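One structure is given here, and the rest of the page talks about it.
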Amino acid sequence: MTKKTEILISPSILSANFAHLADDIREVEGAQCDMIHVDVMDGHFVPNLTIGPIVIKGIRKITKVPLDVHLMIENPLRYVEDYVNAGSDYITIHVEAEPKLRHTLKMIRKAGAKSGLSLRPKTPLKKILPFLDDVDLVLIMSVEPGFGGQAFMPGVVKKISDLRPKYSGMISIDGGINPETAVQAVEAGVDILVAGTAIFGAKDRADAIRALRSCR
Ligand code: DX5
Ligand code: ZN
């Protein structure tokens, strides 16, 4: 079921060149991406470490594109205010990572950002259903979170088609997305495609964004 007319593209800077991050972000901004996806990892919830609010603050100064911040961290409640204050527009937390889930989602909204909720590929969709009233965006993980460049897991597409009729907010998909794998996610009803390797690994990033946007 294809519900929305426009697909939004959120390039994941995990695959950008961190020594030239501003250049890479300006390039995808110039190519009309709709958001910038920022992967935050704590070495506990996932076996990798990335960036903190100080980097978000730096990015905020060089782009007007909405920042789509994906917190792969345990107990995100401790940090959501810092990430909002640093300039995040969307803050997505993991259903597996926070015991005070509803409170944290409400805090994100109260602090002035849009709230997002994500789930690992093996986590059943029913775990997130009780929280949908407090969620602006659901992020379906199509790889095990932690690293870019992994293969898309087609089994998660059913979560999108199961969720779509129950939820009027935005649905995003993250992991292994390229113009081929994106087709099934778009047909199932996603609004946002997150892509790292397929955009920052491409010779022509503007072409890569166009290819994703027109993948249906
Ligand atoms: C994985 C991250 C993804 C990752 C996607 O934990 O959440 O955002 O950067 O990278 P690709 O598109 O290369 O799978
Ligand atoms: Zn991500």
Side-chain angles (χ1 to χ4, degrees), residues 7-18 21 24-25 28 31 33-52 55-56 59 65-74 76 79 83 88-97 108 113-123 128 135-157 159-160 170-186 190-203 205 207-209 211-213 215:
I7 298 298
L8 305 178
I9 308 296
S10 189
S12 166
I13 59 164
L14 193 61
S15 303
N17 180 346
F18 277 80
L21 190 54
D24 279 8
I25 288 174
V28 291
C33 70
D34 301 283
M35 302 174 173
I36 300 284
H37 187 85
V38 185
D39 287 310
V40 174
M41 306 184 187
D42 67 350
H44 293 278
F45 182 68
V46 289
N48 196 3
L49 279 166
T50 57
I51 65 177
V55 179
I56 309 273
I59 296 172
V65 178
L67 300 181
D68 167 31
V69 176
H70 180 190
L71 297 185
M72 285 161 277
I73 66 177
E74 267 166 29
Y79 294 111
Y83 279 95
S88 310
D89 297 279
Y90 293 81
I91 297 198
T92 296
I93 61 172
H94 268 263
V95 68
E96 308 88 354
I108 293 171
K114 301 268 189 207
S115 60
L117 186 57
S118 187
L119 69 173
R120 294 177 181 274
K122 287 189 195 106
T123 303
I128 67 162
V135 171
D136 299 300
L137 179 156
V138 170
L139 178 66
I140 305 282
M141 285 307 299
S142 40
V143 297
E144 200 51 57
F147 300 92
Q150 303 181 76
F152 181 76
M153 298 168 74
V156 305
V157 172
K159 287 183 186 171
I160 303 167
M170 287 192 288
I171 306 179
S172 181
I173 187 150
D174 184 9
I177 292 295
N178 59 46
E180 287 77 50
T181 57
V183 175
Q184 40 197 312
V186 170
V190 293
D191 306 285
I192 304 169
L193 297 171
V194 176
T197 311
I199 294 175
F200 288 106
K203 269 205 191 104
R205 291 156 173 182
D207 260 2
I209 288 174
L212 284 169
R213 214 189 280 288
C215 73

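Indexing begins at 1, ligand by ligand and atom by atom, following the structure's order. The residues of the chain are indexed from 1 along the displayed sequence. Keep in mind it's a predicted model, so treat the numbers as computed, not measured.
Side-chain contact between Leu67 and Ile59: present, with at least one pair of heavy atoms (C-beta onward) separated by less than 4.5 Å. Two residues are said to be in side-chain contact when any heavy atoms from C-beta on lie closer than 4.5 Å; Ile171 and Ile192 fail this criterion.
Side chain of Thr92 to main chain of Leu117: no donor-acceptor pair is present (N/O by atom type, distance under 3.5 Å, no hydrogens or angles). The closest donor-acceptor contact from the side chain of Ser88 to the backbone of Val69 lies at 3.5 Å or more, if one exists at all. Between the Asp136 side chain and the Lys114 main chain, no donor and acceptor come within less than 3.5 Å of each other. Side-chain atoms of Asp24 come within 3.5 Å of backbone N or O of Asn17 as a donor-acceptor pair.
The count of protein N, O or S atoms under 2.8 Å from the Zn ion (ligand 2) stands at 4, with waters excluded from the count.
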Dump all N/O pairs between ligand 1 and the protein below 3.5 Å as a table: atom names plus distance, one pair per row.
from     : atom 1 : to     : atom 2 : distance (Å)
ligand 1 : 6 (O)  : Gly146 : N      : 2.8
ligand 1 : 7 (O)  : Asp39  : OD1    : 3.0
ligand 1 : 7 (O)  : His70  : ND1    : 3.3
ligand 1 : 7 (O)  : Asp174 : OD2    : 2.9
ligand 1 : 8 (O)  : His37  : NE2    : 3.4
ligand 1 : 8 (O)  : Asp39  : OD1    : 3.2
ligand 1 : 8 (O)  : Asp39  : OD2    : 2.7
ligand 1 : 8 (O)  : Asp174 : OD1    : 2.7
ligand 1 : 8 (O)  : Asp174 : OD2    : 3.0
ligand 1 : 9 (O)  : Ser12  : OG     : 2.8
ligand 1 : 9 (O)  : Asp39  : OD2    : 2.9
ligand 1 : 12 (O) : Gly196 : N      : 2.8
ligand 1 : 13 (O) : Gly149 : N      : 2.8
ligand 1 : 13 (O) : Thr197 : N      : 3.1
ligand 1 : 13 (O) : Thr197 : OG1    : 2.4
ligand 1 : 14 (O) : Gly176 : N      : 2.8

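Between His70 and His94, the ring planes lie parallel to each other; the angle is under 30°, not in the 30° to 60° tilted range.
Across Asp68, Asp39, Asp174, a single residue satisfies side-chain hydrogen bond (donor to acceptor under 3.5 Å, both in side chains) together with Ser12, and that is Asp39.
Contact detail for Leu212 and Ala195: the closest heavy-atom pair is CD1-CB, 3.8 Å.
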